[in-house]
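Working notes, beginning with the structure itself.
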Amino acid sequence: MRLTQLVTKTLREDPPEAETASHRLMLRSGLIYQVAAGVYAYLPLAWRSLRKIENIIREEMDAAGGQELMMPALQPRELWEQTGRADSMGEVLFSMEDRRGRPMVLAPTHEEVVTSIVRANVQSYRDLPVILYQIQTKFRDEPRPRAGLVRVREFDMKDAYSFNADDDSLDDSYQAMAQAYRSIYRRCSLPVLMAEADSGAIGGKDSHEFLLATPTGEDTVITCRGCGYTANAEKAEGVYPEQEAASELPLETVDTPGVKTIAALADFLGVATSQTLKAVFYAADEEVVFVTVRGDLEVNEVKLKNSLHCNDLRLATDEEVKEAGLVAGSASPIGITQVRRVADPSITQGSNFVVGANQPDTHYRNANYPRDFEVDILTDIALAQPGHLCPRCGTPLEATRGVEVGHIFKLGTSYSEALGAMYLDQEGQQHPITMGCYGIGVGRLLAAAVEQNHDERGIVFPAPIAPYQVHLVGLNLTDEAVAIAADKLYRELWDSGIETLYDDRPDQAAGVKLNDADLMGLPLRLVVSPRNLRNNAAEMKGRTEEEATMVSLEDVAGEVRSFLQSA
RNA sequence: CGGGGUGUAGCGCAGUGGCUAGCGCGCUUCGUUCGGGACGAAGAGGUCGGAGGUUCGAAUCCUCUCACCCCGACCA
C-alpha cells in the first residue's frame with residue numbers, strides 16, 4: 001500500500017477527548033473514525049488488523065472443534081420474549097418495528113437464535129456435543145460508551161455456543177474453549193489473567209473472564225501471588241482479619257452527636273472500624289432491604305444481588321429510607337422488622353460491636369449477633385479487598401484493574417428449557433441440552449493489544465496482528481534515483497509476499513515520515529535515502545529496536561523475512 | 001439517570017453586544033530546502049450545533065433543543 005493512496009491521515013496532536021492510550025493512539029494513527037457515541041468505523045489499517053485477529057480466532061476455534069456459521073443481527077422481538085430477556089435486558093436491547101409493525105430487535109448476543117437452530121437440528125444424544133460459533137456484529141445500547149473501542153454500542157464479537165448432553169461433556173467443551181482462548185491471546189501478545197467471574201442472574205455455575213491488566217480497565221481483579229487464585233472483585237472471596245471474640249457485655253446506649261459515618265464513629269469512640277457494624281440500604285426491585293456488614297468491609301453489590309435473586313439493585317434513596325422508618329447514620333438491625341435484613345457473616349467475626357441505635361445521634365455499644373438481633377439472610381456479601389487473605393492459601397490478596405477481553409460461561413439448561421431444545425438419551429428419555437457460551441470482542445481485543453503494546457512514540461503492533469509487516473520509508477523522493485530504488489524495493493517486497501506499507505510521499509520532511517512510522521507501529525521499518533543509496537543499502541530497524549542496521553539492497557527481502565520469522 | 005464540561009474552517013483552539021469572525025496545523029500553487037514534525041510568497045476553505053426570542057445590531061444575552069466528551073450510576 002502506498003501512503004499517498006491511503007485515505008486516512010495521522011493526527012499531529014493528541015485528540016483531547018481520548019484518555020486511554022489505545023483510544024488516543026487509534027485515533028491518531030488513523031485506525032478508527034467515530035460516527036456517533038460508541039459507534040466507530042474501522043478504517044483500512046484497523047480493518048486489516050481486525051481481519052488478522054479474526055483469522056487467529058477462527059483457526060483456534062476450528063482447532064477446538066467449532067463450526068462457523070452466521071446468524072442474523074436482525075431478529076424478531078418475540079424470540080426474546082420467550083426467554084424473558086426482552087424485559088431483563090431493558091434499554092440495552094435496540095428495539096424497533098418493521099414496516100408491518102412487527103417488533104424487532106438488533107441482537108446484543110445470540111443465545112436465542114443459536115438455540116433455535118439447534119432445536120431444529122438436534123434430536124439425539126448422537127448429535128451431541130456440538131460447538132457453533134460466528135464472528136458477527138452485536139448491538140448493545142450501553143448507557144455510557146467509553147474509551148474508543150473498549151466499550152461501544154456496535155461491535156464485532158466472536159460468540160461460540162456449546163451444546164452438550166450433560167455436565168461432564170460441558171466441562172470438556174468449556175476446557176477446550178478456555179484453552180483456545182489462551183492460544184488466541186498468546187498469539188496477540190496479550191498476557192491475560194483468567195479470573196473467576198460472576199455468572200449473572202441467568203448464568204449457570206461456572207464462569208471465567210479473561211482480562212488484560214491495565215490501570216484504565218473497567219474491572220477490578222483480585223489476585224493471589226501465593227497460589228494464583230484470580231477472580232473478578234464482583235465474585236472474589238476474601239478472608240478478612242478476624243476479631244477476637246470476647247465475652248458478651250450488656251448492651252448500652254452512647255450519645256454520638258453529629259456522627260454519621262463509620263470512620264467518624266470509630267474515631268469518636270476510639271475503636272477500630274472492625275469493631276463497628278455498617279448499615280447500608282438498597283432497593284431490590286423497589287423493595288427496601290437493610291444490609292449489614294462489619295464496619296471495615298464494603299458491600300459487594302453483585303453478591304448481594306445474587307443472594308436476593310432480584311433483577312434490579314440500587315442504593316435506596318433518602319426518601320425511601322425515611323419512608324421505611326430507618327435512621328440513616330444511626331441504623332442497625334436491632335429491632336428492625338419492617339424490611340428484609342441481609343447480613344454478611346463478618347458480623348459474627350467479633351463481638352461487642354458498636355452499632356446504630358435507630359435514633360438520631362445515638363449508637364449502642366456491645367451489640368452481639370444473635371443475642372441482640374436476627375437477620376433474614378446471612379450470607380457472604382462482602383467485597384474482597386487487597387490485604388484480605390486468599391481463601392485458598394492465606395496469602396494477602398492484591399487488586400489490579402483490567403479490561404475484559406473474553407468471557408466464558410457454563411449456561412446449563414435455562415435457554416434450552418425456555419426454547420424447548422431437547423434431545424433423547426440412550427434410554428429414550430428426553431432432556432434439555434446443556435449449554436455453554438463463549439465470547440470475545442474482536443475490536444476490544446485490538447484496543448487491548450494497543451493498550452498493552454505501545455510506547456511514548458506510538459503503537460508497537462505485535463507482528464501477527466499488524467496491518468502490514470514492513471513500513472518502507474523513502475526519504476528525499478524528489479531525487480529520482482532514490483524514488484526508483486524505493487519503488488523497486490517496494491515491488492520486490494510484495495513479490496516476496498511481504499506486506500508492505502510504502503511511505504511514498506515526495507514532499508514530506510524526514511521527521512514527519514519517521515514519526516508517522518513510529519506512530520503506526522508496524523514491526524519493521526526500512527529506510528531508503530540518498531545517503532543509504534550511496535552504499536547500495538537500505539536501513540532496517542525493528543519498531544522496538546534503538547539502532548538500525550544497514551542491509552545491502554539485494555539482501556533486503558531475505559533479511560526482512562528472517563527478522564519477521566524471529567519476531 | 002445524576003454530576004461536570006464542550007460545540008466557531010479538515011484538526012487543535014481564540015474570540016463576553018458594534019467594521020468583512022481570527023490564530024496555529026493541515027490543504028492548493030510556485031520557489032528554496034531535505035535524516036526526527038523545514039522556510040518564503042500567494043491562495044482556497046465558515047449557514048459560529050439547531051430552533052425561537054431580545055436588540056438598530058447576536059458567535060457573544062435569554063429560552064428551548066440536539067450532539068459529543070469526562071466522572072459516577074448502569075453494564076452476561
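Below, chain A is the first sequence line, B the second, and so on; all start at residue 1.
- Out of B:rC34, B:rG12, B:rG36, the shortest distance to the side chain of A:Asn515 is found at B:rG36.
- Considering only heavy atoms from C-beta on, A:Val556 comes within 4.5 Å of A:Leu493 through its side chain.
- Checked for salt-bridge contact, A:Arg85 and A:Glu112 meet the test: a charged N lies under 4.0 Å from a carboxylate O.
- Contact annotation for A:Glu301: backbone-only contact, meaning every heavy-atom pair under 4.0 Å involves sugar-phosphate atoms and none involves a base.
- The distance between atom CZ of A:Arg144 and atom P of B:rG3, rounded to the nearest whole Å, is 15 Å.
- Aromatic pair A:Phe210/A:His208: ring centres not closer than 6.0 Å.
- At a threshold of 4.0 angstrom between heavy atoms, the contacts of A:Val92 with the nucleic acid are absent.
- Here A:Asn532 lies in heavy-atom contact (under 4.0 Å) with a base.
- The C1' atoms of B:rA67 and B:rG22 are separated by 25 Å, rounded to the nearest whole Å.
- Shown here, B:rC23 forms a base pair with B:rG12; the pair counts as Watson-Crick or G-U wobble because both key distances fall under 3.5 Å.
- Looking at A:Glu218 and A:Arg151, a side-chain N of the basic residue comes within less than 4.0 Å of a carboxylate O on the acidic one, giving a salt bridge.
- Salt bridge present: A:Glu298 and A:Lys278 bring a charged side-chain N and a carboxylate O closer than 4.0 Å.
- Salt bridge annotation for A:Glu154-A:Lys138: absent, with no cationic side-chain nitrogen under 4.0 angstrom from a carboxylate oxygen.
- A:Thr478 comes within 4.0 angstrom of a base, heavy atoms only.
- Look at A:Asp344 and A:Lys303 and you find no salt bridge, because none of the NZ, NE, NH1 or NH2 atoms lies under 4.0 Å from a carboxylate O.
- Across every strand in view, B:rU32 sits in a pair with B:rA38 that passes the Watson-Crick or G-U test at under 3.5 angstrom.
- Counting only distance, with no hydrogens or angles, the side chain of A:Asp504 and the backbone of A:Thr4 share a donor-acceptor pair below 3.5 Å.
- As a whole-Å value, the separation of A:Arg151 CZ from B:rG72 C1' is 14 Å.
- For B:rA67, the paired nucleotide is B:rU6, the pair qualifying as Watson-Crick or G-U wobble because both relevant distances are below 3.5 Å.
- Between the P atoms of B:rA42 and B:rG37, the separation comes to 26 Å (whole Å).
- Counting only distance, with no hydrogens or angles, the side chain of A:Glu451 and the backbone of A:Ser22 share a donor-acceptor pair below 3.5 Å.
- A perpendicular orientation is assigned to the rings of A:Phe281 and A:Phe290, their planes being inclined by more than 60° (bins at 30° and 60°).
- Going from the C1' atom of B:rA9 to that of B:rU28 covers 15 Å, rounded to whole Å.
- Rounded to an integer number of Å, the gap from OH of A:Tyr40 to C1' of B:rC69 is 10 Å.
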Checklist outcome for this item: Given protein heavy atoms under 4.0 Å, the one-letter contact record of nucleotides 22-29 of chain B, with B base, S sugar-phosphate only and - none, is simply --BSSS--
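- For the pair A:Arg505 and A:Asp503, the salt-bridge criterion is met [side-chain N within less than 4.0 Å of a carboxylate O].
- Across all strands, A:Arg505 comes closer than 4.0 Å to no nucleic acid atom at all (heavy-atom distances).
- Atom pair A:Leu27:CG and B:rG12:P shows a separation of 10 Å (rounding to whole Å applied).
- Of the charged side-chain nitrogens involved, none lies within less than 4.0 Å of a carboxylate oxygen, so that A:Arg401 and A:Asp219 do not count as a salt-bridged pair.
- If you take CG of A:Leu477 and C1' of B:rC34, they are 11 Å apart, rounded to a whole angstrom.
- As the counterpart of B:rA44, no nucleotide is assigned, since no Watson-Crick or G-U wobble pattern has both distances under 3.5 Å.
- Sorted by residue number, the members of residues 30-38 of chain A with any non-hydrogen atom under 4.0 Å from RNA chain B read A:Gln34, A:Ala36, A:Ala37.
- Considering only the side chain of A:Pro16, B:rC13 comes nearest among B:rC75, B:rG36, B:rC13.
- For B:rC1, the paired nucleotide is B:rG72, the pair qualifying as Watson-Crick or G-U wobble because both relevant distances are below 3.5 Å.
- Between A:Arg146 and B:rC69 there is no side-chain N or O to OP1 or OP2 distance below 4.0 Å.
- B:rU8 and B:rA14: their C1' atoms are spaced 10 Å apart (whole Å).
- Atom P of nucleotide B:rC70 and atom CD of A:Glu19 are separated by 7 Å, given to the nearest angstrom.
- B:rG50 and B:rA44 are spaced 24 Å apart, taking the P atom of each and rounding to whole Å.
- If you check distances only, the side chain of A:Asp518 does reach the base of B:rG36 with a donor-acceptor pair under 3.5 Å.
- Aromatic ring orientation, A:His407 versus A:Phe409: parallel (interplanar angle below 30°, classes split at 30° and 60°).
- Taking the nucleotide of RNA chain B with the nearest heavy atom to each of A:Glu17 and A:Glu234, the more 5' of the two is matched to A:Glu17.
- Across the P atoms, B:rC66 and B:rU54 are found 23 Å apart, a figure rounded to whole Å.
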Where do N or O atoms of nucleotides 41-44 of chain B meet protein N or O atoms at under 3.5 Å, pair by pair?
none

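- Using C1' as the reference atom, B:rG5 and B:rG10 are 24 Å apart when rounded to the nearest Å.
- The closest side-chain heavy-atom distance from A:Arg525 to A:Asp518 is below 4.5 Å.
- For the side chain to side chain contact (heavy atoms under 4.5 Å, CB included) test with A:Val192, the passing option among A:Val403, A:Val405, A:Ile184, A:Leu211 is A:Val405; the others fail.
- Using a 4.0 Å heavy-atom distance criterion, A:Asp479 is classed as making no nucleic acid contact.
- Spacing of C1' atoms, B:rA59 relative to B:rG15, comes out at 8 Å, to the nearest Å.
- Atom-to-atom, CD of A:Glu539 to C1' of B:rG36 comes out at 12 Å; the value is rounded to the nearest Å.
- Straight-line distance from the NE2 atom of A:His23 to the C1' atom of B:rC70: 12 Å, rounded to whole Å.
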